[in-house]
Amino acid sequence: MNERYDVVVAGAGPAGAQCARDLAIRGYDVVVLETEAEDEFPRQSNKSTAGTFPSMMASFGIPDDVVMQYTDKVVLESPTDHYVQNQPGAVLEFADFKRFLVEDGREEGAEYRFDARATAPIVENGEPVGVTYNGDEEVYAEVVVDATGPAAPIAKKLGVSELERDNHAIGIEYELEGIEIDRPGFADLHDAMMLRLDHNLAPGGYSWIFHTGEDTAKVGICYIQNGSHSTYARDDFTVDDYLSHWLDTDPRFRNAERIEGKQHRGSAHIQPPGQMHTDRFLAIGDTVPSIDPLWGEGIHTCMQSGRMAAAATDSCLKHGNIEPTAENLEVYDSLWHKKVAPNVRKRQLMTRLLYLADNDRYDEFMADLERLDEETLARANNGSPLAIRKLLSANDIPMLARFARQQLGVDLPDLPLVDKLRQ
């Protein structure tokens, strides 16, 4: 078995598998280490809601046969109201999607090793030159890529990962059948992805219903374990309890039943990224935070980060005489901030502010969206200060003050946005 490669990738999720695909297409010898057994893959890592956009499908050549349902709109719900926006989407069968990436990468020449848990970097002369896996097995490469998600064993041991548990998002999802998709008093969820802002169901987060055809849907909740969650959470409730509570109290689920074997759990870190590379090393996907702040979509950003890592690696290795040092791999950080998550700090601050609002403000938010043009929400999600300002009013000043103290560590007068709202 070959033990020397151009690139070793730890993790066969969307980021790692896409990075391997792109590198193999370029002709590099790349090996992917995946913790799970091949005959079960991806049983343990089948954690995503798998909601994405057709643009992602086209950009990465993803076939239609991994799609459970194409959707036409996004619905935002508050406790008593809702807002509908035209937005094409795609709900993937996540397991089929991940298996496709592996199979396609193999066809391009990437090697996969399953039952191979990456445990640490191999370091020589202060630089990572490979990875140990399953305790004492070793594989060497010119560049090491950590795509293992929040666990990030290689990144952490190299001092690259700076993930903080105080912004740790956790979620649980069931796939259900027998749902009343068009219940009177609620939005019609045929061919829709619905996101609900309601602290009674997901304190400091959101819940969702993604229609997957006929009377079936993916239903789940996610919240971030930070100050907003602490403000609204019940001490006696776990994430499972909140989902059970929603299923018991929402009339749309009155006759619904869980589909056997279709339960998914996941986690991510919602924070601005820190360092993402060093000598001969790149961290991609959920190893660094890259989730979409508002819609919660992480597939596209993970895939993009894998693609940008492949491009950065190629920029060094293709010339033969350029070492993949931290300085030469710095292009990855530039590409990440430009292509993967532009304006990420503004967008994630907006997300924290969104989850700080109370349920009454969420109802007002639906009315605000009705009076604004459809592009305002998209621009706000992209970090536009003007669009964010349009979503706020002078009545939000107390909330902004609390946000400034909790999240930014500044006093209210130090927020330029507050002065604009007062005018």
Between the main-chain N or O of [Y] and the side-chain N or O of [X], is there a donor-acceptor pair closer than 3.5 Å?
X: T278; Y: F281; result: no
X: T132; Y: A120; result: yes
X: Y332; Y: A283; result: yes

Please verify the inter-ring angle class for F94 with F97; under 30° counts as parallel, over 60° as perpendicular, anything in between as tilted. tilted
Can you classify the ring geometry of W246 versus F253 as parallel (below 30°), tilted (30 to 60°) or perpendicular (above 60°)?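 Taking F253 first and then W246, their aromatic rings stand perpendicular (interplane angle over 60°).
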By the side-chain hydrogen bond (donor to acceptor under 3.5 Å, both in side chains) test, which pairs, at least two apart or in different chains, include something from residues 91-102? S45-K98, E93-K262, D96-R99
Are the ring centres of H229 and Y223 closer than 6.0 Å?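 Yes; Y223 has its ring centre under 6.0 Å from that of H229.
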Can you give me the closest heavy-atom contact between A217 and T212, atom names plus distance?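 Where A217 meets T212 most closely, the heavy atoms are N-OG1, 3.3 Å.
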Which pair of heavy atoms, one from I181 and one from H211, lies closest together, and at what distance? CD1-CD2, 3.8 Å
Applying the side chain to side chain contact (heavy atoms under 4.5 Å, CB included) test to R258, which of E177, E175, Q263 qualifies? Q263
Holding to salt bridge (charged side-chain N to carboxylate O under 4.0 Å, His left out), I want the full list of residues that pass it with D240, two or more places apart in sequence or in another chain.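 Salt bridge (charged side-chain N to carboxylate O under 4.0 Å, His left out) check on D240 returns R265.
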E38/D115 under side-chain contact (heavy atoms from CB on, under 4.5 Å): CA gap, chis, key distance, verdict: CA-CA 7 Å; E38 184 169 7; D115 280 317; over 6 Å; no
Could you go through D81 and S78, starting from their C-alpha distance and side-chain angles, then the distance that decides it, and tell me whether this counts as side chain to side chain donor-acceptor pair (under 3.5 Å)? CA-CA 5 Å; D81 203 353; S78 66; 5.5 Å; no
Nearest 0.5 angstrom please: L23 CG to R307 CZ, how far? 11.0 Å
